[in-house]
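To keep things clear, I will list the structure first and then write my remarks on it.
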Amino acid sequence: MRLRRSNARRLTALVAVMTATTLLLSGCILQKLPVPGSTHTVTTHTHEAVAPDLERFYTQGLRWRSVSGGIDTTEVTVPLDWAKPSGATIELAIARHRAKGSRLGSLLINPGGPGGSGYDFVAQSAQFVVTPDVLGHYDLIGFDPRGVGRSTPVACYTDPKKQDALLYQPFVHPFGSAEWAGELSARQKDWIAACRRNTGPLLGHLDAASVARDMDVIRAVLGDTRMHYLGYSYGTYLGTMYAQLFPKKVGRMVLDGAVDPRADQLDALVTQMAGFDSAFKAYLANCLTRSGCPFSGSLDHAIQQVQALLAGVDARHLVASDGRVLDAATVGTAISEPLYSEFSWPDLTEMFARLAKGDSDPAFEQADAYNNRTASGGYSTNGYEIYTAVTCDETTLGTDGVDILTDMARIEKAAPVLGKYVAYSDTAALEATCDAWPYPPAKLPASYTAPGSPPIVVIGTTNDPATPYQQSVTLAKELSQGFLFTHHGEGHTVYAQGDACIDSHVDDYLLRGALPASDPDCH
């Protein structure tokens with residue numbers, strides 16, 4: 001599952017831009033830059049020392065263009081391969097919302113992913129990304145990371161029908177069989193071949209360390225001596241990587257819905273699937289108290305009803321109004337989509353109620369929202385491509401000598417309600433892809449302590465399905481200056497979504513550098 005910002009705003013008729021849900025990272029390259037001692041001070045925007053090979057990036061000028069809604073945009077040039085900065089380059093798309101009051105600097109934003117568009121997040125919904133006070137005093141900077149959206153993109157299938165077949169077409173063989181595993185592997189190898197044809201060398205340079213180095217160029221050309229940063233979900237990993245590589249350039253940094261960067265990839269996925277099971281049980285318990293709930297009896301009885309429904313989906317051969325045939329893996333994706341936010345639980349209830357009557361359209365609508373598929377049958381972003389490529393660039397998943405079926409059994413044991421269906425539609429495809437990935441995985445830093453950084457705020461929600469709370473606890477302890485804010489509640493990410501306790505403490509930090517004496521423990 002891709003990791004992304006909560007979609008509560010979209011569901012309350014505000015604009016939501018994010019996509020993305022799951023997969024946890026492991027791995028990042030610590031690329032070699034030019035020989036130590038080769039730096040010199042040049043006339044950069046911030047008058048800092050850079051290596052000669054990097055001078056053209058840190059001294060570049062920006063041409064801003066005004067667009068609607070008070071947003072202006074530009075592009076920043078960075079190396080395709082940070083180990084070879086004199087070689088090919090790529091472009092990063094930037095959107096800026098200017099501060100209206102006394103300016104404290106730029107606040108770089110990443111909404112999650114891998115694959116989330118920071119450009120769209122700021123350009124389309126700046127007023128909902130942060131609180132009004134923070135919006136007034138920072139230039140909000142949204143960027144599409146390398147490979148994403150308006151930046152130099154990753155491209156794989158150019159025909160939406162092929163993408164549909166990859167994501168939705170039911171398998172010929174039953175889940176969990178050796179024949180199914182072979183069918184899955186063949187699908188993913190065909191997709192990799194298309195990625196190599198249509199993307200080229202960039203496909204092997206999407207790791208978080210490369211993105212963090214890109215972020216440092218963005219910081220410098222904006223004229224900021226320190227990086228102020230707000231990262232959600234997977235964006236917390238990018239912020240953590242930046243802090244590890246450039247600890248003394250960190251300004252005020254907030255990491256909401258944190259990823260534990262040291263977690264083993266499969267361990268993290270197992271934990272995440274258990275998190276989705278926990279969130280689903282919370283949904284069911286709530287549903288049982290409301291009229292119109294399609295389930296009845298005790299929580300255990302309701303879980304049995306859900307399991308029976310999921311086990312029978314494939315045999316029903318339900319056909320949607322657009323002709324697609326629903327399978328259990330697609331239902332697993334459809335269930336996970338509304339679990340990102342408690343505001344979306346009514347959508348999940350409606351989906352189950354209509355599915356019980358043989359109507360598969362709502363299930364496809366939820367799965368389509370997760371996959372960024374539009375009503376016309378196209379795809380609004382390249383989120384799936386980035387999510388898969390980044391994961392394979394940064395992990396040994398699928399190359400550890402353990403077969404897919406063994407790993408699926410482990411996930412199903414940890415998440416007995418949803419694990420089988422969500423993992424078969426997501427994790428298994430990742431393993432099959434990464435097993436055939438043509439690029440070596442990036443190397444992990446020895447630690448993520450970010451020695452010498454100022455305090456970094458880490459926000460964790462106690463029943464977060466996508467990045468379980470313990471990951472935020474672990475990251476806050478790992479960082480030498482980590483400071484944990486706990487939110488007791490449901491959903492994935494919380495800042496600027498109406499929780500007065502979290503919002504006031506985060507604003508005190510971003511606007512004044514102030515921190516409470518201890519975890520505010522917000523309820």
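Quick note: residue numbers are just sequence positions, from 1.
Every residue meeting the side chain to side chain contact (heavy atoms under 4.5 Å, CB included) condition with T330, not counting sequence neighbours, appears here in chain and number order: Y168, L326, D327, F364, A367. In terms of the side-chain hydrogen bond (donor to acceptor under 3.5 Å, both in side chains) criterion, T152 has no residue partners (sequence neighbours excluded). For T89, there are no side-chain hydrogen bond (donor to acceptor under 3.5 Å, both in side chains) partners, not counting sequence neighbours. Listed by chain and number, the residues in a side-chain hydrogen bond (donor to acceptor under 3.5 Å, both in side chains) with E183 are H173 (sequence neighbours excluded). With sequence neighbours excluded, the residues that form a side chain to side chain contact (heavy atoms under 4.5 Å, CB included) with D499 are H487, V494, C501, I502, C522. Under the salt bridge (charged side-chain N to carboxylate O under 4.0 Å, His left out) criterion, D164 pairs with R373, sequence neighbours left out. Residues passing the side chain to side chain contact (heavy atoms under 4.5 Å, CB included) test with Q163 are Y157, L166, L167, W191, Y379, Y384, E385, sequence neighbours excluded. In terms of the ring pair (Phe, Tyr, Trp, His ring centres under 6.0 Å) criterion, residue partners of F295 (sequence neighbours excluded) are, by chain and number, F352. Under the rule for a side chain to side chain contact (heavy atoms under 4.5 Å, CB included), the partners of V67 that lie at least two apart in sequence or sit in another chain are I71, T73.
How far NE2 of H97 is from OG of S125: 10.5 Å, rounded to the nearest 0.5 Å. To the nearest 0.5 Å, atom CG of residue N463 and atom CG of residue L339 are 10.0 Å apart. Residue Y229 holds its OH atom at 13.5 Å from CD1 of I141, rounded to the nearest 0.5 Å. One distance of note links CD1 of I94 with OG1 of T74; it measures 7.5 Å at 0.5 Å rounding. Of the inter-residue distances, the one linking K420 atom NZ with L310 atom CG reads 9.5 Å to the nearest 0.5 angstrom.
Of all heavy-atom pairs between R96 and V122, the closest is C-CG1, 4.5 Å. Contact record, R146 with D214: NE-OD2, 2.7 Å, taken as the closest heavy-atom pair. R187 and P170 get closest at one heavy-atom pair: NH2-O, 3.3 Å. Taking each heavy atom of P465 and Y340 in turn, the nearest pair found is CG-CA, 4.4 Å. Of all non-hydrogen atoms in A442 and D207, the two that sit nearest each other are CB-CB, 4.1 Å. A pairwise comparison of heavy atoms in A93 and S151 identifies N-OG, 2.8 Å as the closest pair.
Looking only at distances, no side-chain donor or acceptor of S185 sits under 3.5 Å from a matching main-chain atom of A181. Checked by atom type and distance alone, the side chain of T271 pairs as donor or acceptor with a backbone atom of D267 at under 3.5 Å. Counting only distance, with no hydrogens or angles, the side chain of Q272 and the backbone of A466 share a donor-acceptor pair below 3.5 Å. Formation of a donor-acceptor pair under 3.5 Å by the D260 side chain with backbone atoms of T474 is not found in this model. Between the side chain of R213 and the backbone N or O of W82 there is no donor-acceptor pair closer than 3.5 Å. With D256 contributing its side chain and V458 its backbone, the two residues share no donor-acceptor pair below 3.5 Å. S344 contributes no side-chain N or O that, together with a main-chain N or O of D347, makes up a donor-acceptor pair within less than 3.5 Å. For Q497 (side chain) and T493 (main-chain N/O), a donor-acceptor pair under 3.5 Å exists by modelled atom type. In terms of modelled atom types and a separation under 3.5 Å, the side chain of T395 and the main chain of T391 share no donor-acceptor contact. No donor-acceptor pair under 3.5 Å is formed between the side chain of T77 and the backbone N or O of E91.
F143 has its side chain within reach of V211: a pair of non-hydrogen atoms, C-beta onward, lies under 4.5 Å apart. With contacts defined as side-chain heavy-atom distances shorter than 4.5 Å, the pair W437/D393 qualifies. Using a 4.5 Å cut-off on side-chain heavy atoms (C-beta onward), Y232 and F121 make contact. At least one side-chain heavy atom of T131 sits less than 4.5 Å from a side-chain heavy atom of V134. You'll find the side chain of M408 reaches within 4.5 Å of the side chain of E431, heavy atoms only. Side chains of Y448 and Y237 form a contact here, defined as non-hydrogen atoms less than 4.5 Å apart. Side-chain contact between Q305 and S296 is present, with heavy atoms from C-beta onward closer than 4.5 Å. Inter-residue side-chain proximity for K281 and I303 is flagged as met; some heavy-atom pair is nearer than 4.5 Å.
Ion pairing between D322 and R324 holds under the 4.0 Å rule for side-chain N and carboxylate O.
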Worked check of side-chain contact (heavy atoms from CB on, under 4.5 Å) between Q127 and L135: CA-CA 7 Å; Q127 65 270 41; L135 186 68; 4.2 Å; yes
Between S117 and D144, is the side-chain hydrogen bond (donor to acceptor under 3.5 Å, both in side chains) condition met? List the steps. CA-CA 5 Å; S117 172; D144 280 359; 2.6 Å; yes
Check step by step if side-chain hydrogen bond (donor to acceptor under 3.5 Å, both in side chains) holds for D426 and Y387. CA-CA 11 Å; D426 193 283; Y387 148 67; 2.4 Å; yes
Begin with the C-alpha distance, continue with both residues' side-chain angles, and end with the deciding distance and a verdict on side-chain contact (heavy atoms from CB on, under 4.5 Å) for T349 and Y283. CA-CA 9 Å; T349 297; Y283 154 75; 2.9 Å; yes
Start with the C-alpha gap between T461 and Y469, add the side-chain angles, then the distance that decides, and say whether side-chain contact (heavy atoms from CB on, under 4.5 Å) holds. CA-CA 5 Å; T461 296; Y469 173 68; over 6 Å; no
Show your working on side-chain contact (heavy atoms from CB on, under 4.5 Å) between N110 and L230 and close with a plain yes or no. CA-CA 7 Å; N110 183 275; L230 173 59; over 6 Å; no
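For D361 and S321, the side-chain atoms include at least one donor-acceptor pair closer than 3.5 Å. A donor-acceptor contact under 3.5 angstrom links the side chains of H492 and S233, judged on distance only. Side-chain atoms of N371 and T333 include no donor-acceptor pair closer than 3.5 Å.
Among pairs with a residue in residues 262-292, those fulfilling disulfide bond (SG atoms under 2.5 Å apart) read C287-C293, at least two apart in sequence or across chains. For the disulfide bond (SG atoms under 2.5 Å apart) condition, the pairs that include at least one residue of residues 319-395, sequence neighbours left out, are C392-C434. Sorted pairs that involve residues 307-320 and meet side-chain hydrogen bond (donor to acceptor under 3.5 Å, both in side chains), not counting sequence neighbours, are lacking altogether.
Remark: R65 CZ is packed, more than 12 non-hydrogen atoms of other residues, nucleotides or ligands lying under 6.0 Å away.
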